[in-house]
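Here is the structure we will look at, set down as C-alpha cells.
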2 protein chains.
Amino acid sequence: MAKSIKTEEMPALDKTDLAILRLLQQNARITIKEISEKVHLSSTPVHERIRRMEETGVIKQYVTLLNGAMLKKGLMVICYLTLRQHSKAAGDKFIKTIMQMDEVIECLTISGQFDFMLKVVAENMDAYYDFHVNRLGQIENVGNVQSVFVMGVIKQSHQLVF
Amino acid sequence: MAKSIKTEEMPALDKTDLAILRLLQQNARITIKEISEKVHLSSTPVHERIRRMEETGVIKQYVTLLNGAMLKKGLMVICYLTLRQHSKAAGDKFIKTIMQMDEVIECLTISGQFDFMLKVVAENMDAYYDFHVNRLGQIENVGNVQSVFVMGVIKQSHQLVF
DNA sequence: ACTGAAAGACACAGACT
DNA sequence: AGTCTGTGTCTTTCAGT
C-alpha cells in the first residue's frame, strides 16, 4: 500500500543536521573537517549527512553573494505588475519570459492588488528605464506596472535555520 | 598623502575574474582546481584572484540556500511599514531591532508610501500573526503595517554576473 | 551510526619564467 | 601575471565496532 502523499519528503533532521546547516548557511565554503570539529564528530558522518541533505533537497544550492555596486549593478528596483488575463497558458508564457531575463533576480506571485513582484537589478536609472519600456513593456499580457526603488539594503540574510 | 575617497574601491575586474565569479555564483563549493580548468589557467592565479576579490569585497559571502518548506519555514510574507518619526536616532533604533529578528530575512528602505519593506519567514499563518502582533507591534515608532503574502516563488537568482 | 585509517585529491606557498 | 612543483591538509572510501 502506498504511503500518504506529502508535499515535501521529510527526512527527519536531528540536532546535528541543523547544526551542520547552520554552519553551511553562514559559510558555504567551510570544510567538512571544520564542521566535524564544531559538531564533535569525525568527518565521515558529517560528509554522509551533507550528502543526504543535498539529495533530499533540504540543501538547495551553494551560492556566492557578490557586491552589486562593484559590478555595475548598483540599482535595485521592486516592480509590481498585473496580467491582463489569468489563464494557465497566459501565466506560463509570462513566467517563461521572466525566467530568461537576467536582470530579474527574483519573481514572486503575491496576494493583493498585483499578481507578481519582481526584483530587478540595473546599472543605473537609464538602464532600468530601458528595461521597463523595451523589455517589460514588450511582453504581451502585462497590465499595470508599478516600480518601487530600493534606496538602501538594511539586511539580507539567507538563514532559515537559527 | 591620502588617496581620494571612493564609495567603492574598484579593483578593475577582467574577463577571467568575471568568469570565476560566474562559476562561484552558481556553486560556491566548486573546487579551485575545477575553476582553473574551466578558465584555462593553473590553480595559483585562480586562488590569488579569489583571495583578492574576497578582500576587496567583490565577493561578499558564500551561503547555502535551504528548502524552507522542509524546515518549517513554509510561509513567506512581504511586510511594508512606515515609521512615525524619521529622525536618525529613531531610524537607527528600528534598524537595530530588525537586525536581531531572525524571522526578518530581508529589510530594504524603499521609495513610495512606505519606509521599509521586510521579507519575513514563518512556519504558518499563526506564527506570522504572532510575529505581526507581538514582535512588530511591540516596536515603538512603527506606524502603518501592510502584509502581502507570497503565494509562490517563481524565480530566485543571486546572479549579478551573467 | 559512528570511529579510525589510508589513499587520493586538493589547496597553498615557493621558485622560477 | 602566469606555470610548475612540492608539502601539508582535506575529502572520501572502507574495514571494523
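We name chains A, B, ... by the order of the sequence lines, and we start the count at 1 in each one.
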message: Without decimals, in angstroms, what is the distance between B:Glu48 CD and D:dG2 P?
response: 10 Å
- prompt: B:Lys15 NZ to D:dA1 P: how many Å, rounded?
  reply: 18 Å
Side-chain donor-acceptor pair present, A:Tyr128, A:Ser147, cut-off under 3.5 Å: yes
- prompt: Reading nucleotides 10-17 of chain C from the 5' end, what letters show protein touch, with B for base, S for backbone sugar-phosphate only, - for no heavy atom under 4.0 Å?
  reply: SSBBB---
- request: Give a yes/no answer on whether the side chain of B:Arg49 brings an N or O atom under 4.0 Å of OP1 or OP2 in D:dG2.
  value: yes
query: Going by the angle between their ring planes, with limits at 30° and 60°, are B:His158 and A:His158 parallel, tilted or perpendicular?
result: perpendicular
- prompt: Between B:Asp92 (side chain) and B:Ala89 (backbone), is there a donor-acceptor pair under 3.5 Å?
  reply: no
message: Please give me the minimum heavy-atom distance between A:Met70 and B:Thr56, naming the atom from each residue.
response: CE-O, 3.1 Å
- prompt: Are B:Lys93 and B:Glu140 within salt-bridge range, i.e. N to O under 4.0 Å?
  reply: yes
